[in-house]
Q: 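Here it is, the structure in full.
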Amino acid sequence: MEIDTIIKDIQFERHMNLLLINGPNLNLVGKREPSIYGSQTLEDIQEDLLDLARELDVKLKFFQSNSEGEMIDYIQESADSTDGILINAGAYTHTSIALRDALLGVAVPYIEVHLSNIYAREDFRHKSFLSDRALGLVCGFGPISYQLALQGIVSYLKRV
Ligand code: DQA
């Protein structure tokens, strides 16, 4: 076995630690514009994701905030113990250079997630400050976007 492969095998003998970060107004999902975001609450979505995380044998933690600064603080504080991040930054996706800098600064691989297809909506949602440096982008599948992103990051991290 190559030395690189051995090191990676040892690394993932411990559980992979993943974070799901949700930004502003995602605490309102379920009530908020249900024709766009669906009727499942964030708690429902997170419970389903925990089931998937158990199946995939990874650890998944959740954080939601309406504040850009709190999201940045959380990314910085968690980085050392995190292998990968799933992030739905809500409207900060389209505005926040600071959030982009935080993600790039900690150098933890991340996947950008959206419930809706941001490219099928208003022009101002077509710009993302996160996507060009993300491992990938999943949008438009409603709550399933998160499931696809979780499967994607786990498969990716097991292979690199
Ligand atoms: C969103 C899309 C954003 O444009 C919007 O501001 C959100 C939710 C989504 O999940 O579809 O708050 O990130």
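Residues: numbered from 1 along the sequence shown. Order of listing sets the numbers, starting from 1, for every ligand and every atom in it.
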Q: Is it the case that more than 12 heavy atoms not belonging to Tyr119 sit under 6.0 Å from its OH atom?
A: yes
Q: Cationic tip of Lys127 within the cone over Phe124's six-membered ring, i.e. under 6.0 Å and within 45° of the normal?
A: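 No, Lys127 does not sit over the ring of Phe124.
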Q: With a cut-off of 6.0 Å (strictly less than), are more than 12 heavy atoms of other residues, nucleotides or ligands near CZ of Arg32?
A: yes
Q: Output yes when Asp57 and Lys158 qualify as a salt bridge under the 4.0 Å nitrogen-oxygen rule, no when they do not.
A: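 No salt bridge links Asp57 with Lys158.
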Q: Would you list the atom pairs, donor with acceptor, under 3.5 Å between side chains in residues 140-154 and any protein atom, with sequence neighbours excluded?
A:
unit_1 : atom_1 : unit_2 : atom_2 : d
Ser145 : OG     : His114 : O      : 2.9
Ser145 : OG     : Phe141 : N      : 3.1
Ser145 : OG     : Gly142 : O      : 3.2
Tyr146 : OH     : Asn22  : OD1    : 2.6
Tyr146 : OH     : Asn88  : ND2    : 3.1

Q: In terms of hydrophobic clustering (I, L, V, M, F, W, Y; side-chain heavy atoms under 4.5 Å; direct or indirect links), are Leu115 and Leu28 co-clustered?
A: no
Q: For ligand 1, list every N/O pair with the protein closer than 3.5 Å, one pair per line with the distance.
A:
unit_1   : atom_1 : unit_2 : atom_2 : d
ligand 1 : 4 (O)  : His94  : NE2    : 2.7
ligand 1 : 4 (O)  : Arg125 : NH1    : 2.9
ligand 1 : 6 (O)  : Ala91  : N      : 3.2
ligand 1 : 6 (O)  : Arg125 : NH1    : 3.0
ligand 1 : 10 (O) : Asn88  : ND2    : 2.8
ligand 1 : 10 (O) : Leu115 : N      : 2.8
ligand 1 : 11 (O) : Leu115 : N      : 3.3
ligand 1 : 11 (O) : Ser116 : N      : 2.8
ligand 1 : 11 (O) : Ser116 : OG     : 2.6
ligand 1 : 12 (O) : Arg32  : NH1    : 3.2
ligand 1 : 12 (O) : Arg32  : NH2    : 2.9
ligand 1 : 13 (O) : Asn88  : OD1    : 2.8
ligand 1 : 13 (O) : His114 : ND1    : 2.7

